[in-house]
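Here's the structure we're looking at; comments come further down.
Letters A, B, ... mirror the listed sequences (proteins, then strands); counts begin at 1. Note that the coordinates shown come from a computational prediction; the quantities given were computed from them, not determined experimentally.
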Amino acid sequence: MAVEAVRDAWSVNIQEDQVQIQKTRRDFEGDFTLVVFPLLRHSKCSPEETGNAMGQYMIDHSEMLSGYNVIKGFLNMVVAQQYWRELLDGDLRAPHYGFTPVDAGSPDVMIEFSSPNTNKPLHLGHIRNNLLGHSVSKIMEASGNKVMKVNLVNDRGIHICKSMLSWQEEGNGETPETTGLKGDHLVGKYYVQFDQKYKAQIEALVGEGTIRKEAETSAPVLKKAREMLRKWEMDDPEVRALWEMMNSWVYDGFKETYKRLGVSFDKTYYESETYKLGKEIVLKGLKEGVFYKKEDGSIWANLEDEGLDHKLLLRADGTSVYMTQDVGTAHQRYNESGFDSHIYVVGNEQNYHFQVLAIVLKKMGFVWAEKLFHLSYGMVELPEGKMKSREGTVVDADDLMDEMESTARSMSEELGKLEEYTGEEKDIIYRQVGMGALKYFILKVDPKKNMTFDPRESVDFNGNTGPFIQYTYARIRSVMRKGGEEIPRSTGDTPMNVKEVSLIRMLYDYPEIINESSRTMNPSLVANYLYDLAKEFNQFYHDYSILSADNQEQVGLRLRIVEAIGQIVKSGMDLLGIEVPERM
RNA sequence: GGUUCCGUAGCUCAGUUGGACAGAGCAACAGCCUUCUAAGCUGUGGGUCGCGCGUUCGAAUCGCGCCGGAAUCACCA
């Protein structure tokens with residue numbers, strides 16, 4: 001339409017893309033905005049005159065529009081209130097408002113996340129991984145993708161043997177039952193013990209005059225761990241039995257942590273079953289001349305034409321390395337499921353690895369190589385700097401969740417909330433609020449950025465936090481309980497004020513946010529949108545009397561808006577994996 | 001040194017494909033609970049968007065060059 005307006009006014013034909021239309025900023029009057037600057041060369045008059053001419057034309061030619069204004073070269077068009085009202089009475093009622101249905105034709109997305117090691121418990125970094133993976137899955141599902149969540153457990157290797165060895169030598173037969181420790185924590189304890197003993201032996205050797213580097217490779221405990229790994233690979237029954245027992249402890253522990261975090265998987269892969277994969281593919285690549293063999297028999301890929309160096313794919317003894325495995329698992333998964341895309345939620349420390357993986361697969365001529373996507377996320381750092389397991393500055397996942405919940409409890413008691421509820425009801429809400437605070441804190445940050453986690457500050461429940469949004473929801477539910485048995489329909493006679501229109505406009509942003517969030521695999525868009533919406537609602541709540549407006553029509557209109565906000569907050573928080581309490 | 005990413009208020013973070021005076025929260029100070037939940041609301045102070053050049057009617061956003069920080073560049077996974 002704008003194109004015609006320009007043609008009628010100044011008799012020039014312009015391209016569609018020269019007309020820029022965007023949503024009007026919330027602090028200006030209007031609903032959508034036309035930027036007139038690009039048109040000035042055609043109109044040959046001031047931005048104001050151009051805008052007015054365009055605005056008048058638009059008004060004359062559209063019934064949807066009720067007015068316009070021009071501010072500094074921005075033409076703001078106002079959509080008639082009647083039109084908003086029709087929207088409000090229409091699809092906002094849909095149960096899964098804003099969601100694209102998943103059907104047979106939907107793209108298949110495989111998403112791998114979590115991928116823990118079985119030698120120690122989960123920490124804060126894993127929490128970011130799990131929350132991201134879970135939330136991105138939900139968001140992609142909401143925007144019409146068929147999603148399959150998979151976990152790849154790193155259950156073998158020298159680090160696993162370290163815990164096993166230490167337990168064998170010094171464990172005195174301790175089990176989760178005898179110690180009352182969570183399985184993963186018990187195993188983690190022995191991993192730390194191994195490290196301490198290893199360090200001590202290095203120091204001792206250095207004291208005796210050994211060069212440090214040599215001491216690091218020749219410390220007796222390390223040799224024993226290597227020997228244990230060798231036995232494991234040769235299927236030594238004793239080692240395998242120990243391995244299975246200790247891993248099962250860890251799995252019990254992980255299961256608990258996952259449940260608490262609210263994450264789940266459709267399928268779990270174990271590296272002990274996949275670590276030999278990829279070898280045949282690499283050999284085939286060698287045969288086709290894609291890779292080359294060194295004199296010692298090891299196989300390499302030359303990535304110099306991509307600006308990278310050479311990468312090992314098979315060791316001289318013919319065994320697989322990490323890269324080989326990923327080539328194998330990707331290949332296997334594609335053959336099994338024929339995914340349309342495969343997302344790996346893995347920390348940015350492995351950017352290089354995934355860069356190489358994509359190139360290697362491409363070199364081998366797999367068309368699906370470009371369907372792999374590395375969702376790389378930044379490190380979680382503490383105010384004092386990086387988390388170091390050696391220095392004991394790791395924030396344990398279970399401890400952190402405990403702390404968040406107990407803070408929610410004391411905070412709530414201090415505020416004198418929930419006094420008339422039973423202990424059990426309160427516990428549920430404390431859990432929801434504590435976890436909500438943690439999840440929101442992590443997910444509101446752009447995944448690719450490193451983030452700082454201050455244990456003291458992040459238990460704050462005021463401001464831009466999960467509990468604030470949960471609180472908003474509880475308020476909404478409270479309003480609905482009091483006024484909403486039968487929500488009166490609005491007939492359109494009642495004028496909508498600026499705040500109401502502004503809220504309705506925000507509601508219609510939601511589907512767009514979901515799609516954008518899905519496209520960029522970035523839950524923080526949803527998180528920040530929900531905060532804006534919640535803040536807007538709280539202002540509305542404070543300034544307007546929802547249940548005792550001027551007339552029944554107005555009450556009905558406001559209740560409709562409140563109800564819709566409630567639906568969106570609930571559904572949006574669900575996309576973040578955050579529960580919303582009915583009251584708090 | 002190569003590659004990738006980041007740099008916005010004292011602190012933690014937003015800022016959709018370039019657009020209206022750069023926004024929140026926390027912290028500080030000052031107000032608001034006889035009315036639908038005060039985990040709330042209102043106000044005040046606080047910025048050379050790391051630095052410079054360029055493209056553009058217009059740059060926090062795009063390009064180039066610096067400066068600062070992170071990750072990675074293992075026959076570990």
Side-chain angles (χ1 to χ4, degrees), chain A residues 20 22-25 27-28 33 35-38 40-41 47 71-74 76 115 117 154 156-160 271 275 294 296 298 300 306-309 311-317 319 321-323 325-326 347-356 376 378-379 381 383 386 408 411-412 414-415 417 433 437 441 444-446 448-454 457-458 460-465 467-472 474-483 509 512-513 516-517 519-520 522 524-525 527-529 531-532 535 538-539 541-548 558 562 583-584:
Chain A
Q20 290 180 43
Q22 54 199 242
K23 264 172 293 187
T24 301
R25 290 198 152 205
D27 30 333
F28 291 90
T33 296
V35 187
V36 303
F37 291 112
L40 295 183
R41 66 178 62 166
I71 300 167
K72 296 203 288 192
F74 294 89
N76 301 317
S115 310
N117 293 338
N154 184 340
R156 63 164 286 280
I158 187 78
H159 51 298
I160 312 290
E271 209 193 283
Y275 80 106
K294 278 195 180 172
D296 62 2
S298 56
W300 295 73
E306 302 277 351
L308 303 174
D309 51 14
K311 185 76 191 174
L312 176 83
L313 294 176
L314 275 181
R315 296 192 186 99
D317 63 7
T319 56
V321 293
Y322 182 37
M323 184 60 65
Q325 291 170 45
D326 263 353
N348 62 13
E349 65 218 354
Q350 293 193 28
N351 284 354
Y352 181 74
H353 172 78
F354 283 99
Q355 198 184 348
V356 171
S376 160
M379 306 280 100
E381 288 164 13
K386 247 180 276 184
M411 178 78 82
S412 184
E414 197 178 310
L415 290 168
K417 301 240 172 191
V433 172
F441 184 87
K444 77 172 177 185
V445 181
D446 185 338
K448 69 169 178 272
K449 288 187 175 175
N450 288 357
M451 61 180 291
T452 311
F453 182 86
D454 187 334
E457 195 183 316
S458 53
D460 193 351
F461 291 178
N462 303 319
N464 189 355
T465 63
F468 170 78
I469 300 171
Q470 290 172 316
Y471 171 74
T472 304
R475 266 187 160 177
I476 288 170
R477 295 307 299 162
S478 172
V479 170
M480 297 310 293
R481 277 195 297 273
K482 294 218 161 81
D509 290 341
E512 231 173 278
I513 297 286
E516 182 66 11
S517 178
R519 196 179 61 75
T520 56
N522 181 357
S524 80
L525 300 182
N528 286 295
Y529 166 79
Y531 173 69
D532 284 346
K535 184 157 174 70
N538 275 296
Q539 290 167 359
Y541 180 91
H542 184 262
D543 293 341
Y544 297 78
S545 190
I546 297 167
L547 295 175
S548 54
R558 289 180 178 170
V562 171
R583 51 198 90 199
M584 64 182 271

- Task: Kindly say if A:S545 contacts the phosphate of B:C36, meaning a side-chain N or O under 4.0 Å from OP1 or OP2.
- Result: no
- With distance as the sole criterion, do the side chain of A:T33 and the base of B:A20 form a donor-acceptor contact below 3.5 Å? yes
- Message: I'd like the C1' distance from B:G47 over to B:G10, given in whole Å.
- Response: 12 Å
- Contact class for A:Y275 (heavy atom, under 4.0 Å): base, sugar-phosphate, or nothing? nothing
- Message: Quick check on B:C21: is either OP1 or OP2 less than 4.0 Å from any side-chain nitrogen or oxygen of A:K72?
- Response: yes
- Message: Once ring-ring contact (aromatic ring centres under 6.0 Å, His included) is applied, do any residues pair with A:F28, and if so which ones, sequence neighbours excluded?
- Response: none
- Message: Salt bridge or not between A:D446 and A:K448? Use side-chain N to carboxylate O under 4.0 Å.
- Response: yes
- Query: Pairing of RNA chain B as dot-bracket, 5' to 3': ( ) intra-strand, [ ] crossing, | other strand, . unpaired, with Watson-Crick or G-U pairs under 3.5 Å?
  - Reply: (((((((..((((.....[...)))).(((((.......))))).....(((((..]....))))))))))))....
Can you tabulate the close N/O pairs, meaning under 3.5 Å, that link protein atoms to atoms of nucleotides 17-19 of chain B?
residue : atom : partner : partner atom : Å
B:G19   : N7   : A:Q20   : OE1          : 2.9
B:G19   : O6   : A:Q20   : NE2          : 2.9

- Task: Would you classify A:Q470 as touching base, sugar-phosphate or nothing, given that sugar-phosphate means primed atoms plus P, OP1 and OP2, and contacts are heavy atoms under 4.0 Å?
- Result: nothing
- Query: Are the side chain of A:N450 and the backbone of A:M379 linked by a donor-acceptor contact shorter than 3.5 Å?
  - Reply: yes
- Message: Within the 4.0 Å heavy-atom criterion, would you say A:S412 contacts the bases, only the backbone, or no part of the nucleic acid?
- Response: base
- Is it true that A:K311 and A:E306 make a salt bridge, defined as a side-chain N closer than 4.0 Å to a carboxylate O? no
- Message: Going by side chain to side chain donor-acceptor pair (under 3.5 Å), name the residues that satisfy it together with A:S298, two or more places apart in sequence or in a different chain.
- Response: A:D296, A:W300
- Query: What does A:K535 touch in the nucleic acid at a heavy-atom separation under 4.0 angstrom: a base, only the sugar-phosphate, or nothing?
  - Reply: sugar-phosphate
- A:K294: partners by side chain to side chain donor-acceptor pair (under 3.5 Å), with sequence neighbours left out: none
- What orientation do A:H353 and A:Y322 show, parallel under 30°, tilted 30 to 60°, or perpendicular over 60°? parallel
- How would you list, by chain and number, every residue that makes a ring-ring contact (aromatic ring centres under 6.0 Å, His included) with A:Y275, sequence neighbours excluded? A:W232
- Note on the structure: Sorted by chain and residue number, the ring-ring contact (aromatic ring centres under 6.0 Å, His included) partners of A:Y529 (sequence neighbours excluded) come out as A:Y510
- Message: Within 90° of 0 counts as syn, otherwise anti: where does B:C33 fall?
- Response: syn
- Position toward the 5' end of RNA chain B (nearest nucleotide), A:M451 or A:R315: A:M451
- Task: Pick base, sugar-phosphate or nothing for A:Q350, based on heavy-atom distances below 4.0 Å to the nucleic acid.
- Result: base
- Message: Does A:D532 reach a base, just sugar-phosphate, or nothing at all? Heavy atoms under 4.0 Å.
- Response: nothing
- Listed partners of A:Q22 passing side chain to side chain donor-acceptor pair (under 3.5 Å), at least two apart: none
Could you go over nucleotides 27-32 of chain B and give all protein N or O partners under 3.5 Å, atom names and distances?
none

- Rounded to the nearest angstrom, tell me the gap between atom CG in A:D309 and atom P in B:G2. 14 Å
- A:L525 or A:I546, whichever maps to the more 5' nucleotide of RNA chain B: A:L525
- Message: Need one value for A:N522: base, sugar-phosphate or nothing, where a base atom within 4.0 Å counts as base even if backbone is also close, heavy atoms only.
- Response: nothing
- Go through the structure and list residues passing side chain to side chain donor-acceptor pair (under 3.5 Å) with A:N538, not counting sequence neighbours. A:T472, A:R475
Between the protein and nucleotides 5-8 of chain B, which nitrogen or oxygen pairs come in under 3.5 angstrom?
residue : atom : partner : partner atom : Å
B:G7    : OP1  : A:K449  : NZ           : 3.3

- Message: Below the 4.0 Å mark, does B:U42 have OP1 or OP2 next to a side-chain nitrogen or oxygen of A:Q539?
- Response: yes
- Are A:R477 and B:C36 close enough that a side-chain N or O sits under 4.0 Å from OP1 or OP2? no
- Check ring-ring contact (aromatic ring centres under 6.0 Å, His included) between A:H159 and all other residues, then give those that pass, not counting sequence neighbours. none
